[in-house]
> 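Below is the structure I would like to discuss, written out as structure tokens.
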Amino acid sequence: MSTDSLPASPGGVIHDLGYRRYEGRRLGRAAIVRALYWHSLRSAFGIGRGAKAKIVPFLLFGLMCLPAIVNAVAAARGAGRVVEYDTYVYRFRTLVMLVFVAAQAPEMVSRDLRSHVLPLYMSRPLRRVDYPAAKYAAFTTACLVVLEVPLLLLYVGTIVSLHGLHAVWLETRALIPGLGIGLAWAVLLAAIGLALACLAVRRAYATGAVAVYFFLTWVLASILIGIAENGPAAVGGTPPLSARLGGLISPFTVLDGVRQWLGGTSPGPVPPPGSAGVAYGVMYAALLVISLWVLDTRYRRVGVS
């Protein structure tokens, strides 16, 4: 049979379905990072999702503001400020931030890991470091909102009952170190929370890992400090070295040790570290660097799979 007698194969046909071409300006990498940051920040508070997603973050935020509201009522009755800026009811703030980080850090990272959409993100003009950096910046901002807004409410509720610019200036000077301590809390807790959460794909496992780490280390540090303080008598009024260093195993007590090392005078769970304060500064830096390294390494590997 000659080839001329074979039926001709049908050719391809391109159909115009009427879709409009995008002719706008392509924004590039910086705009993608900003959009990812803004979306992640909204997700930290459940904004853009159902009502159930907003219950935990907004409830915890309200609870964190409660001491500032109580202080405002006390100040209006002439009692003065009853809450310190740098410690801000330390154990209460610790518990609220423990729950907030454990509940919301997995919300920032687990969904994308479980859905395997990281290669889609990386197909855009993003560098490997951009995704975890945007997530970390967003979660740090979310922690700052929960930590710093109550301090500002505490400040406003106090100064409205003061008389004279000098009293307001003294209150402002007391606020500034408190805001700095809040920043230190947000930077470290966000890094540790995301580093632990990104290791688990399922949100329940990630939440459990973050909560168990924070809670167990906090309880263990409190026990060690208590045992050391009730041990041999302090020499010259200085707590034993074991008590001063007992807080190095928990991020929360490390933060309090750093606060006192930098000059904080309000009583905290950690005895005044004195010359051992530099150990808390080194531990703070080590926890931060290790957490950011884990976060970066995790996303460098998952971004190509």
Side-chain angles (χ1 to χ4, degrees), residues 37-38 41-48 51 53-101 103-104 137-190 193 218 251-270 272 284:
Y37 165 83
W38 180 242
L41 180 58
R42 286 164 53 90
S43 298
F45 292 99
I47 300 174
K54 300 178 178 66
I55 293 175
V56 171
F58 280 95
L59 177 62
L60 294 173
F61 177 70
L63 288 174
M64 187 70 92
C65 293
L66 192 58
I69 297 173
V70 172
N71 177 86
V73 175
R77 296 180 176 179
R81 178 162 51 84
V82 295
V83 179
E84 298 293 338
Y85 289 113
D86 56 350
T87 54
Y88 193 78
V89 195
Y90 170 82
R91 296 186 185 279
F92 179 76
R93 178 163 69 170
T94 297
L95 182 60
V96 171
M97 289 308 299
L98 189 156
V99 177
F100 181 80
V101 174
Q104 300 308 115
F139 197 45
T140 301
T141 305
C143 291
L144 276 174
V145 170
V146 178
L147 288 163
E148 305 286 42
V149 170
L151 293 182
L152 296 176
L153 293 177
L154 177 64
Y155 173 74
V156 173
T158 302
I159 64 173
V160 294
S161 62
L162 298 179
H163 302 284
L165 293 178
H166 181 67
V168 174
W169 168 241
L170 292 178
E171 201 67 27
T172 304
R173 289 182 58 184
L175 169 68
I176 293 174
L179 294 176
I181 294 300
L183 176 62
W185 276 60
V187 168
L188 182 61
L189 296 183
W218 180 33
F252 294 114
T253 47
V254 165
L255 285 164
D256 190 69
V258 169
R259 175 187 66 84
Q260 297 190 56
W261 177 49
L262 295 177
T265 56
S266 302
V270 176
Y284 180 94

> Kindly indicate whether the side chain of Ile181, heavy atoms from C-beta on, has any atom under 4.5 Å from the side chain of Leu255.
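In short, these two side chains do not touch, never coming nearer than 4.5 Å.
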> How far apart are the C-alpha atoms of Tyr85 and Thr158, what are their side-chain angles, what is the distance that settles it, and do they pass the side-chain contact (heavy atoms from CB on, under 4.5 Å) test?
CA-CA 11 Å; Tyr85 289 113; Thr158 302; 4.1 Å; yes
> Not counting sequence neighbours, which residues clear side chain to side chain contact (heavy atoms under 4.5 Å, CB included) with Pro177? List them please.
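In terms of side chain to side chain contact (heavy atoms under 4.5 Å, CB included), with neighbours along the sequence ignored, Pro177 is linked to no residue.
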> Only counting residues at least two apart or in another chain, list the ones meeting salt bridge (Lys or Arg N to Asp or Glu O under 4.0 Å) with Arg81.
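Once residues adjacent in sequence are excluded, the partners of Arg81 under the salt bridge (Lys or Arg N to Asp or Glu O under 4.0 Å) criterion are Glu84, Glu171.
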> Give every residue pair that meets the side-chain hydrogen bond (donor to acceptor under 3.5 Å, both in side chains) criterion with at least one member in residues 251-264, sequence neighbours excluded.
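Matches after skipping sequence neighbours: Asp86-Arg259, Asp256-Arg259, Asp256-Gln260.
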> Do Phe252 and Leu189 have side chains that approach each other closer than 4.5 Å (heavy atoms only, starting at C-beta)?
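Yes - at least one pair of side-chain heavy atoms lies under 4.5 Å apart.
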> Sequence neighbours excluded, which residues qualify as side chain to side chain donor-acceptor pair (under 3.5 Å) partners of Thr141?
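Result, side chain to side chain donor-acceptor pair (under 3.5 Å) vs Thr141: Tyr37.
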> Should Thr94 and Tyr90 count as side-chain neighbours, where that means a heavy-atom distance under 4.5 Å?
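Yes, their side chains come closer than 4.5 Å.
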> Can you give me the closest heavy-atom contact between Arg91 and Pro269, atom names plus distance?
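Smallest heavy-atom distance, with atoms named: NH2-CB, 4.4 Å.
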> Please name the pair of heavy atoms, one in Cys65 and one in Leu153, separated by the smallest distance, quoted to 0.1 Å.
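For Cys65 and Leu153, the tightest heavy-atom pair comes out as SG-CD1, 3.7 Å.
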> Between Leu41 and Ala142, which heavy-atom pair has the shortest distance, and what is it?
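Distance-wise, the nearest heavy atoms are CD1-N, 3.8 Å.
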> Would you name the heavy atoms of Ala190 and Thr140 that are closest together and state the gap between them?
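Looks like CB-OG1, 3.5 Å.
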> Using side chain to side chain contact (heavy atoms under 4.5 Å, CB included) as the criterion, list what pairs up with Ile69, not counting sequence neighbours.
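With neighbours one apart ignored, the set is empty.
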> Could you pull out all residues at least two apart from Val156 that satisfy side chain to side chain contact (heavy atoms under 4.5 Å, CB included)?
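By the side chain to side chain contact (heavy atoms under 4.5 Å, CB included) rule, Val156 matches Val160.
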> Can you tell if the side chain of Val187 reaches within under 4.5 Å of the side chain of Leu183, non-hydrogen atoms only?
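Yes, at least one pair of side-chain atoms sits under 4.5 Å.
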> Looking only at non-hydrogen atoms, find the nearest pair between Gly46 and Pro57 and report the distance.
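Closest heavy-atom pair between Gly46 and Pro57: N-CG, 4.4 Å.
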> Side chains of Phe100 and Met64, heavy atoms from C-beta outward: is any pair under 4.5 Å?
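No, too far: nothing below the 4.5 Å cut-off.
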> My understanding is that only residues two or more places apart in sequence, or in another chain, count here; which of them pass salt bridge (Lys or Arg N to Asp or Glu O under 4.0 Å) with Glu148?
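Per chain and number, Glu148 pairs via salt bridge (Lys or Arg N to Asp or Glu O under 4.0 Å) with no residue.
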> Are the side chains of Phe92 and Thr87 in touch, meaning some heavy atoms are under 4.5 Å apart?
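A side-chain contact is absent here, since even the closest heavy-atom pair is not under 4.5 Å.
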> Would Asn71 and Tyr155 count as a side-chain contact (heavy atoms from CB on, under 4.5 Å) if you check the C-alpha gap in whole Å, the side-chain angles of each, and the deciding distance to 0.1 Å?
CA-CA 9 Å; Asn71 177 86; Tyr155 173 74; over 6 Å; no
> I'd like to check the side chain to side chain donor-acceptor pair (under 3.5 Å) partners of Tyr88; sequence neighbours left out, ordered by chain and number.
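Tyr88 satisfies side chain to side chain donor-acceptor pair (under 3.5 Å) with no other residue.
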> For the CG atom of Leu147 and the CZ atom of Phe61, what is their distance to the nearest 0.5 Å?
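Here the interatomic distance stands at 10.5 Å.
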> For Leu151 versus Leu175, what's the shortest heavy-atom pair and its separation?
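Between these two residues, the closest heavy atoms are O-CD1, 3.9 Å.
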> Apply side chain to side chain contact (heavy atoms under 4.5 Å, CB included) to Ala103 and list each qualifying residue two or more places apart in sequence or on a separate chain.
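Once residues adjacent in sequence are excluded, the partners of Ala103 under the side chain to side chain contact (heavy atoms under 4.5 Å, CB included) criterion are Val56.
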> Looking at side-chain heavy atoms only, is the closest gap between Val146 and Leu60 below 4.5 Å?
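No, every pair of side-chain atoms sits at 4.5 Å or beyond.
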> When you look at CD1 of Ile176, are more than 12 heavy atoms from neighbouring residues, nucleotides or ligands closer to it than 6.0 Å?
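Yes.
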> With sequence neighbours excluded, what pairs up with Tyr284 under the side chain to side chain donor-acceptor pair (under 3.5 Å) test?
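Expected list: none.
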